[in-house]
Q: 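One structure, pasted below without further comment.
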Amino acid sequence: MIGVLVSGNGSNLQALIDARLPVSAVAANRKDAYALVRARAAGIPAATFSLQCHADRAERDLVMATWLEEHGVELVVLAGYMHLLTEPFLSRFPQRIVNVHPSLLPAFPGAHAIDDALAAGVATTGVTVHRVDEGLDTGPVIAQEEVVVEPRGTLVERLHAVEHRLLPKVVMGLCRSSVAAR
Ligand code: GRF
């Protein structure tokens with residue numbers, strides 16, 4: 001079972017749902033995330049874990065991890081989740097958290113990867129799916145796909161199209177290998 005963490009639009013969540021992957025829970029850090037609407041429309045349990053409701057980030061992460069476990073989650077996918085995860089969450093899902101990022105990491109980590117790549121004038125950027133550790137977009141890379149920058153006007157759209165194909169493919173592979181390992 002897969003748990004997906006979201007903060008925004010949720011187009012990557014939608015790609016996982018459309019690929020018929022077993023998403024059993026969706027958690028957001030903000031209640032206005034459109035991804036929550038997508039989850040509920042698909043009949044998937046969805047909840048918000050905002051920082052304002054908890055003493056600190058570590059406590060929020062602990063409560064969120066427990067809620068995911070209660071929903072049978074074994075693999076966590078960050079799909080546009082804009083907070084760093086703390087140790088109490090990471091230690092509950094060791095080696096079982098992945099993130100999708102719109103650059104060829106380690107180039108252009110952080111929240112402005114596409115703008116940063118454009119500003120740097122690179123000819124090629126891309127998409128990375130990687131394991132998550134305590135750093136900002138720093139865990140080991142699982143898969144990458146290059147995307148040429150030109151024409152710039154369609155770069156965002158083309159990066160998202162690659163994300164929507166690459167993320168479900170990687171997640172499907174991880175689900176299969178965890179079933180095979182049992
Ligand atoms: C994606 O570009 C993802 O790579 C990045 O945040 C964006 C989220 O988009 N981490 P969405 O919410 O999945 O539509």
Side-chain angles (χ1 to χ4, degrees), residues 2-21 23-42 44 46-50 61 64 68 73 75-86 89-90 93 96-120 122 124-149 152-174:
I2 299 164
V4 184
L5 303 193
V6 294
S7 299
N9 176 30
S11 65
N12 280 287
L13 167 67
Q14 191 66 53
L16 296 170
I17 294 170
D18 293 346
R20 301 187 179 283
L21 283 155
V23 179
S24 65
V26 173
N29 65 313
R30 42 190 304 163
K31 66 178 186 325
D32 61 352
Y34 184 68
L36 292 168
V37 175
R38 296 180 189 269
R40 292 183 182 123
I44 299 167
T48 303
F49 299 86
S50 66
D61 284 2
M64 186 163 68
L68 291 170
V73 168
L75 175 69
V76 177
V77 179
L78 310 194
Y81 185 68
M82 301 306 281
H83 277 174
L84 285 177
L85 290 169
T86 56
F89 191 101
L90 296 168
F93 299 96
R96 291 186 286 131
I97 310 173
V98 298
N99 180 43
V100 59
H101 183 80
S103 78
L104 297 174
L105 291 171
F108 311 118
H112 309 290
I114 303 175
D115 288 343
D116 291 348
L118 287 170
V122 292
T124 303
T125 182
V127 171
T128 302
V129 180
H130 66 98
R131 291 195 193 276
V132 170
D133 60 18
E134 64 288 341
L136 178 62
D137 303 320
T138 48
V141 170
I142 301 172
Q144 284 184 317
E145 190 168 319
E146 293 187 357
V147 175
V148 292
V149 169
R152 291 178 164 229
T154 58
L155 178 61
V156 172
E157 199 176 291
R158 288 182 289 116
L159 283 167
H160 284 153
V162 171
E163 289 185 336
H164 300 161
R165 184 166 39 71
L166 191 62
L167 181 64
K169 185 175 152 192
V170 169
V171 171
M172 203 169 287
L174 292 172

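Note that the coordinates shown come from a computational prediction; the quantities given were computed from them, not determined experimentally. Counting convention: from 1, in listed order, for ligands and their atoms alike. Any value given below was found using the heavy atoms of this structure, including those in side chains, with hydrogens, waters and symmetry copies removed.
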Q: Can you report which non-hydrogen protein atom sits closest to atom 9 (O) of ligand 1, along with the distance?
A: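 Its nearest protein heavy-atom neighbour is Asn12 ND2, 3.8 Å.
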Q: Ignoring hydrogens and angles, state whether a donor on the side chain of Thr128 or His130 is under 3.5 Å from an acceptor on the partner side chain.
A: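 There is no such pair between these side chains.
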Q: Does Ala35 come within less than 4.0 angstrom of ligand 1, counting non-hydrogen atoms of the residue?
A: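 Heavy atoms of Ala35 never come under 4.0 Å of ligand 1.
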Q: List ligand 1 atoms under 4.0 Å from His101, heavy atoms only on the residue side.
A: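 What qualifies from ligand 1 is 4 (O).
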Q: Which part of Glu163 is near ligand 1, with near meaning a heavy atom under 4.0 Å away: side chain, backbone, both or neither?
A: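 The side chain, only.
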Q: Give me the residue, atom name and distance of the protein heavy atom closest to atom 14 (O) of ligand 1.
A: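 Checked against all protein heavy atoms, atom 14 (O) of ligand 1 sits closest to Ser11 OG, 2.5 Å.
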Q: I'd like to know if His160 contacts ligand 1, where contact means a heavy-atom distance under 4.0 Å to any ligand atom.
A: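 Contact present.
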Q: If hydrogens are left out, which of Pro102, Gly110, Ala15 has an atom nearest to atom 5 (C) of ligand 1, that is, the closest non-hydrogen atom?
A: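 Nearest heavy atom to atom 5 (C) of ligand 1 lies in Pro102.
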Q: Please indicate whether Arg96 has more than 12 foreign heavy atoms, meaning atoms of other residues, nucleotides or ligands, lying under 6.0 Å from its CZ.
A: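 Yes - once you tally the heavy atoms of other residues, nucleotides and ligands closer than 6.0 Å, there are more than 12.
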Q: Mind checking whether His160 and His164 have parallel, tilted or perpendicular rings, split at 30° and 60°?
A: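 Parallel, since the angle between the ring planes stays under 30°.
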Q: Are side-chain heavy atoms of Glu163 and Leu167 found at a separation under 4.5 Å?
A: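 No, every pair of side-chain atoms sits at 4.5 Å or beyond.
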Q: Before signing off on this row, confirm whether Val100 and ligand 1 have an N or O atom pair separated by under 3.5 Å.
A: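 Yes; the residue has a nitrogen or oxygen that sits under 3.5 Å from a nitrogen or oxygen of the ligand.
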Q: Name the closest protein heavy atom to atom 7 (C) of ligand 1, giving the residue it belongs to and the distance to 0.1 Å.
A: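 Nearest protein contact, heavy atoms only, for atom 7 (C) of ligand 1 is Gly80 CA, 4.1 Å.
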Q: Backbone or side chain, does any N or O of Gly10 fall under 3.5 Å from an N or O of ligand 1?
A: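 Between Gly10 and ligand 1 (N or O atoms, distance only) the closest approach is under 3.5 Å.
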Q: Would you name the heavy atoms of Gln144 and Leu105 that are closest together and state the gap between them?
A: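 What the structure gives for the nearest pair is NE2-O, 2.7 Å.
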Q: Please check if any side-chain donor atom of Asn9 sits under 3.5 Å from a side-chain acceptor atom of Arg38, or the reverse.
A: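 Distance-only check passes for Asn9 and Arg38.
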Q: I'd like to check Val26 versus Arg40 (side-chain heavy atoms, cut-off strictly below 4.5 Å). Are they in contact?
A: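 SC-SC contact between Val26 and Arg40 ruled out.
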